[in-house]
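Data first, discussion second: the structure below is written as structure tokens.
In the text below, chain A, chain B and the rest are named by the order of the sequence lines, each starting its count at 1. Values below: all heavy atoms of this structure, side chains included; hydrogens, waters and symmetry mates excluded.
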2 protein chains.
Amino acid sequence: MSLRHALLGLVAERPASGYDLLKTFETSLAHVWPATQSQVYGELGRLGDVGLLTVAAQGPRGRKEYTITDEGLAELRHWLLSTAPERPARSDMLLRVFFLGRVAADEAADYLARQGEAAAARLAGFEELSDSIDWGQDPLSVYGKVALEYGRRISAAQREWADWAAAQVRAGERGQ
Amino acid sequence: MSLRHALLGLVAERPASGYDLLKTFETSLAHVWPATQSQVYGELGRLGDVGLLTVAAQGPRGRKEYTITDEGLAELRHWLLSTAPERPARSDMLLRVFFLGRVAADEAADYLARQGEAAAARLAGFEELSDSIDWGQDPLSVYGKVALEYGRRISAAQREWADWAAAQVRAGERGQ
DNA sequence: ATACGCATGTAAGATGTTACATGATTAA
DNA sequence: TTAATCATGTAACATCTTACATGCGTAT
């Protein structure tokens, strides 16, 4: 149920409407916890029902601006510090690796090389993002930077792994 | 729909029953594409219905041994080489990082340090696994090793990031 | 005889995706 | 006046998790 906590965390930062939150999910949170419009409006309704958020103001076009309640703040803090993150699972990129023995070695090496290129592209994207944002001193900026650094390091490791793996497979191919 | 392709890939390697496949999902594939009993039996039925797998033999206790069909093989190959892996998304560990500004700096640093320890433990697990398996020359072994190396490298990068981030936060704390 | 492992299946509910549907406000 | 943006909501469907339900075969 982390969508719930993402909403709680965002609204805790500043009051917002579903529309506002949606834009955040499409930008800053896109690489971390993507969510669709359906999900956001649905969960916002439920969070209101259970009293973790409230509609503090109405705006034009039926805009509902949500604010976090004390219970919401308590729930957010509990989730942050007292619940264990689930280990990330399911990578269809890696799943394919398991079955690469079904295709010729050069096809497998090509697949791995393509994953290396994709990782390099992601890395470049993160570098660019890092340069384009003017980082403030607010907490979301500070920790946003830490999160971005995660993306950089993981992408770099993925690229190095893919290059190594492709070379490994090509070496095995010649060895046979 | 990658569960489907995981089943296709496994059965392509050697004919198997739902029960056999389940054990593979709980061991080798646990870190890559976990699946439950419900899912496996359900999808196996559907794969039979659409003709990508067939029940080639029956055994005791209603055991059904599945074999891959030519269409199944074609579908597997297509998925392997001609469909793009989805980029991995959703990390509740990272999502928490975004909201770490809600808690005191030392609590945030503790959180990051714990993630570092968890990554170190995963790394140790992979090292141990790597030593315990007697790697053969069969394709599943060769590429299984490549997949394991991925786990090692990513875990190492995660540990280094978490240690760096925790230090970063503690430095900021003193700076204020 | 009895417990353990083998073996399959279904139901209910949570979560997520895609598509549909509607309408108000604002700037050019 | 008309197009873009703001703004919310629902329906259908796919996927995944948890729990329930049943029964055969084999070794002790």
Side-chain angles (χ1 to χ4, degrees), chain A residues 1-8 10-11 15-27 29-50 53-66 79 83-84 86-92 95, chain B residues 1-8 10-11 15-27 29-50 53-66 79 83-84 86-92 95:
Chain A
M1 280 218 304
S2 287
L3 170 62
R4 159 161 301 202
H5 298 108
L7 289 167
L8 251 18
L10 254 18
V11 175
S17 68
Y19 192 84
D20 296 335
L21 293 164
L22 209 46
K23 281 184 295 185
T24 306
F25 279 101
E26 284 161 0
T27 55
L29 289 188
H31 296 288
V32 171
W33 204 272
T36 62
Q37 191 246 35
S38 273
Q39 270 183 293
V40 170
Y41 284 110
E43 192 62 30
L44 240 22
R46 261 167 264 134
L47 283 165
D49 293 343
V50 297
L53 293 182
T54 43
V55 178
Q58 306 253 148
R61 281 158 299 205
R63 174 186 173 94
K64 294 179 188 171
E65 201 160 69
Y66 288 89
W79 171 76
T83 63
E86 292 160 31
R87 31 167 248 79
R90 294 208 171 94
S91 160
D92 67 332
L95 184 60
Chain B
M1 280 220 302
S2 287
L3 170 62
R4 160 161 302 201
H5 298 108
L7 289 167
L8 252 18
L10 254 19
V11 175
S17 68
Y19 192 84
D20 296 336
L21 292 163
L22 209 46
K23 281 185 296 184
T24 306
F25 279 101
E26 284 161 359
T27 56
L29 289 188
H31 297 287
V32 171
W33 203 273
T36 61
Q37 190 245 36
S38 272
Q39 269 184 293
V40 170
Y41 284 110
E43 191 62 30
L44 239 23
R46 261 167 264 136
L47 284 165
D49 293 345
V50 298
L53 293 181
T54 43
V55 178
Q58 307 254 148
R61 280 159 299 204
R63 175 187 172 94
K64 295 180 187 171
E65 201 160 70
Y66 287 89
W79 170 74
T83 65
E86 291 160 31
R87 34 168 240 76
R90 293 206 173 96
S91 161
D92 67 333
L95 183 60

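- Residue B:Leu3 has its side chain nearest to D:dC16 when only C:dT25, D:dC16, C:dA7 are considered.
- Closest approach of A:Trp33 to A:Phe25, counting heavy atoms only: O-CD2, 3.2 Å.
- With the nearest nucleotide of DNA chain C identified for both B:Ser38 and A:Arg46, B:Ser38 has the one nearer the 5' end.
- Residue A:Arg4 is classed as having no contact, given no heavy-atom separation below 4.0 Å to the nucleic acid.
- Here the P atom of nucleotide C:dT15 and the CG atom of A:Leu44 are 15 Å apart, to the nearest Å.
- The distance from atom CG of A:Leu47 to atom P of D:dT8 is 14 Å, rounded to the nearest whole Å.
- Candidate nucleotides C:dG9, C:dG16, C:dT25 were compared by shortest atom distance to the side chain of B:Lys64, and C:dG9 ranks first.
- Between B:Leu21 and B:Leu44, some side-chain heavy-atom pair lies under the 4.5 Å cut-off.
- The distance from atom CH2 of B:Trp33 to atom P of D:dT15 is 10 Å, rounded to the nearest whole Å.
- Atoms CD (A:Glu86) and C1' (D:dT18) sit 14 Å apart, rounded to a whole Å.
- Salt-bridge formation is not detected for the pair A:Glu26/A:Lys23: no Lys NZ or Arg NE/NH1/NH2 atom is positioned less than 4.0 Å from an Asp or Glu carboxylate oxygen.
- For C:dC4, neither phosphate oxygen OP1 nor OP2 lies less than 4.0 angstrom from any side-chain nitrogen or oxygen of B:Arg61.
- When the nucleotides D:dA7, C:dT8, C:dT15 are ranked by their closest atom to the side chain of A:Tyr41, D:dA7 comes out on top.
- Distance A:Gln37 CD to C:dA21 C1': 11 Å, rounded to the nearest Å.
- Atom CD of B:Gln58 sits in a crowded spot, with more than 12 heavy atoms from other residues, nucleotides or ligands closer than 6.0 Å.
- When the side-chain nitrogen and oxygen atoms of A:Gln39 are compared with OP1 and OP2 of C:dT17, one or more of them lie within a distance under 4.0 Å.
- Rounded to whole angstrom, the span from the CG atom of A:Asp20 across to the P atom of D:dT5 amounts to 16 Å.
- Atom CD of B:Gln58 is separated from atom P of D:dC24 by 16 Å (rounded to the nearest Å).
- Atom CG of B:Leu7 and atom P of D:dT15 are 13 Å apart (whole Å).
- Set against C:dG5, D:dT8, C:dA14, the side chain of B:Tyr19 has C:dG5 as its closest nucleotide.
- Proximity of A:Gln39 to A:Leu7: side-chain heavy atoms (C-beta onward) are nowhere separated by under 4.5 Å.
- Within the 4.0 Å cut-off from OP1 or OP2 of C:dG9, not a single side-chain nitrogen or oxygen of B:Arg63 is found.
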